[in-house]
Amino acid sequence: MGDTFIRHIALLGFEKRFVPSQHYVSHFQSRAFPSKTLKEMFPIEAGAINPENRIIPHLPAPKWFDGQRAAENRQGTLTEYCSTLMSLPTKISRCPHLLDFFKVRPDDLKLKMPAPVLEAQMGPAVPTHPALPLAPDITGPIILQTYRAIADYEKTSGSEMALSTGDVVEVVEKSESGWWFCQMKAKRGWIPASFLEPLDSPDETEDPEPNYAGEPYVAIKAYTAVEGDEVSLLEGEAVEVIHKLLDGWWVIRKDDVTGYFPSMYLQKSGQDVSQAQRQIKRGAPPRRSSIRNAHSIHQRSRKRLSQDAYRRNSVRFLQQRRRQARPGPQSPGKEERQTQRSKPQPAVPPRPSADLILNRCSESTKRKLASAV
């Protein structure tokens with residue numbers, strides 16, 4: 001049996017990834033491409049000794065935060081790159097590292113989505129080499145989430161992006177700080193999440209539910225409350241976070257008091273505080289309630305719990321937790337009281353007749369009764 005070699009390569013698709021952030025990757029980038037290994041194995045052909053002797057092509061580098069259109073353009077470039085790589089001398093094109101990279105693995109043969117869905121996302125099937133079947137497991141392109149600006153925003157630094165009311169942007173990364181990295185045509189930059197709203201609903205579907213058990217956090221920067229539903233903290237104060245909202249303003253609990261606080265000024269207890277402090281490069285994002293001339297396309301406003309509701313639910317949870325932690329006997333609950341009431345009571349015997357009493361009483365009692373009569 002002859003040596004194994006690759007006859008044809010075609011890059012048929014790309015997909016969107018969410019870790020470590022939202023971005024597009026080409027399908028073969030799911031594996032670590034051995035470009036560094038090739039340079040070490042073939043230094044002359046890689047141009048390490050003399051750049052003029054380089055025949056190994058450069059791997060096309062992706063642009064930061066590529067959108068769907070850029071990913072489509074790069075798909076053709078990567079296909080050309082793979083074809084050039086396979087046309088190199090045999091010692092390179094058939095080396096173990098390349099063959100292992102392009103080797104079909106068990107997971108590659110698993111169908112990841114129904115064929116109708118795949119065809120709807122990918123469009124018509126991409127023509128392949130006549131000797132090769134069409135791969136059934138290609139993930140179609142997924143468009144980044146789109147949001148609309150509810151008000152004008154003037155950027156305050158070079159890393160931010162200005163907005164006008166009605167602008168539609170693609171959200172590339174949603175940071176817990178409430179600053180989102182967005183792109184709009186050729187513009188890219190950070191935008192406060194409070195200036196954006198989903199196109200289909202005023203509510204943010206990714207907002208988690210409140211967690212009244214709370215997570216321990218520490219304030220890494222002091223903040224003075226500006227509005228009545230906010231909480232002021234000094235650096236180093238410990239609190240509990242009970243609701244992490246995507247706009248960067250979390251609901252915290254300090255003793256029995258709840259209120260909003262900038263998430264970017266908080267750090268999980270037990271972690272490096274100094275490193276987190278160095279990462280603060282901008283101020284807290286503005287709150288939605290502070291934006292003037294905000295204009296939403298939705299008739300109803302977004303659903304938000306009031307601080308009164310947070311406090312009531314928080315106090316109720318804390319009282320229940322304290323009762324459970326209190327040692328000693330506790331008052332019976334409702335079910336226990338009902339069980340006690342349902343127990344049968346002892347029957348009261350009937351009163352005996354006068355003749356029976358006279359018959360059973362003592363002689364002394366009989367004489368007293370006789371004298372009384």
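Predicted, not measured: the structure shown is a model, and the values here were computed from it. Worth knowing before you read on, the calculation uses all heavy atoms, side chains too, and leaves out hydrogens, waters and symmetry mates.
No side-chain N or O of D247 forms a donor-acceptor pair with one of S194 less than 3.5 Å apart. E80 and T84 are not linked by any side-chain donor-acceptor pair at a separation below 3.5 angstrom, with hydrogens and angles left out of the test. Checking E170 against T146 by side-chain atom types alone, no donor-acceptor pair falls below 3.5 Å. Using a 3.5 Å distance cut-off with no hydrogens or angles, the side chains of D272 and S274 do pair a donor with an acceptor. No donor-acceptor contact under 3.5 angstrom links the side chains of R148 and T165, judged on distance only.
To the nearest 0.5 angstrom, L305 atom CG is 7.0 Å from N313 atom CG. To the nearest 0.5 Å, atoms CD (E240) and CG (D255) are separated by 9.5 Å. Here the OG atom belonging to S177 is positioned 11.0 Å from the CG atom belonging to L246, to the nearest 0.5 angstrom. Note: K281 NZ to M264 CE = 11.0 Å, rounded to the nearest 0.5 Å.
One finds no salt bridge joining D207 and K174 here, because no Lys/Arg side-chain nitrogen approaches an Asp/Glu carboxylate oxygen to under 4.0 Å. Salt-bridge annotation for R292 and D152: absent, with no side-chain N of the basic residue lying under 4.0 Å from a carboxylate O of the acidic one. Checked for salt-bridge contact, R54 and E45 miss the test: no charged N lies under 4.0 Å from a carboxylate O. Using a 4.0 Å cut-off between charged side-chain N and carboxylate O, K221 and E235 make no salt bridge.
Residues satisfying the side-chain contact (heavy atoms from CB on, under 4.5 Å) test with V241, not counting sequence neighbours, are Y217, K244, W250, I252, L266. In this structure, the side-chain contact (heavy atoms from CB on, under 4.5 Å) partners of A225, at least two apart in sequence or on a different chain, are E230, S232.
Think of I49 as one node in a network of Ile, Leu, Val, Met, Phe, Trp and Tyr side chains linked at under 4.5 Å; its network also takes in I44.
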Chi angles and distances behind the side chain to side chain donor-acceptor pair (under 3.5 Å) call for Y212, Q320:
CA-CA 11 Å; Y212 292 104; Q320 181 179 0; over 6 Å; no
Intermediate values then yes/no, side chain to side chain donor-acceptor pair (under 3.5 Å), E176 and S263
CA-CA 7 Å; E176 285 188 341; S263 63; over 6 Å; no
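No option in F181, F195, W179 other than F181 meets the ring-ring contact (aromatic ring centres under 6.0 Å, His included) test with W190.
There is no path of hydrophobic side-chain contacts, each under 4.5 Å, that joins I280 to V218. V231 and V315 fall into different hydrophobic clusters, defined by Ile, Leu, Val, Met, Phe, Trp and Tyr side-chain heavy atoms under 4.5 Å apart, directly or through other members.
Centroid-to-centroid, the aromatic rings of Y260 and W249 stay 6.0 Å apart or farther.
In plain terms, the two heavy atoms of L196 and R288 that are nearest each other are O-NH2, 3.0 Å. When every heavy atom of R311 is checked against every heavy atom of T258, the shortest pair comes out as CG-OG1, 3.0 Å.
Surrounding NZ of K268 are at most 12 heavy atoms belonging to other residues, nucleotides or ligands under 6.0 Å away. Within 6.0 Å of the CG atom in N293, the count of heavy atoms belonging to other residues, nucleotides or ligands does not exceed 12. Crowding of E227 atom CD: a count of heavy atoms from other residues, nucleotides or ligands under 6.0 Å exceeding 12.
A 4.5 Å side-chain heavy-atom check between L85 and P57 finds at least one atom pair inside the cut-off.
Note: Y265 and Y223 have tilted aromatic rings, judged against thresholds of 30 and 60 degrees for the angle between ring planes.
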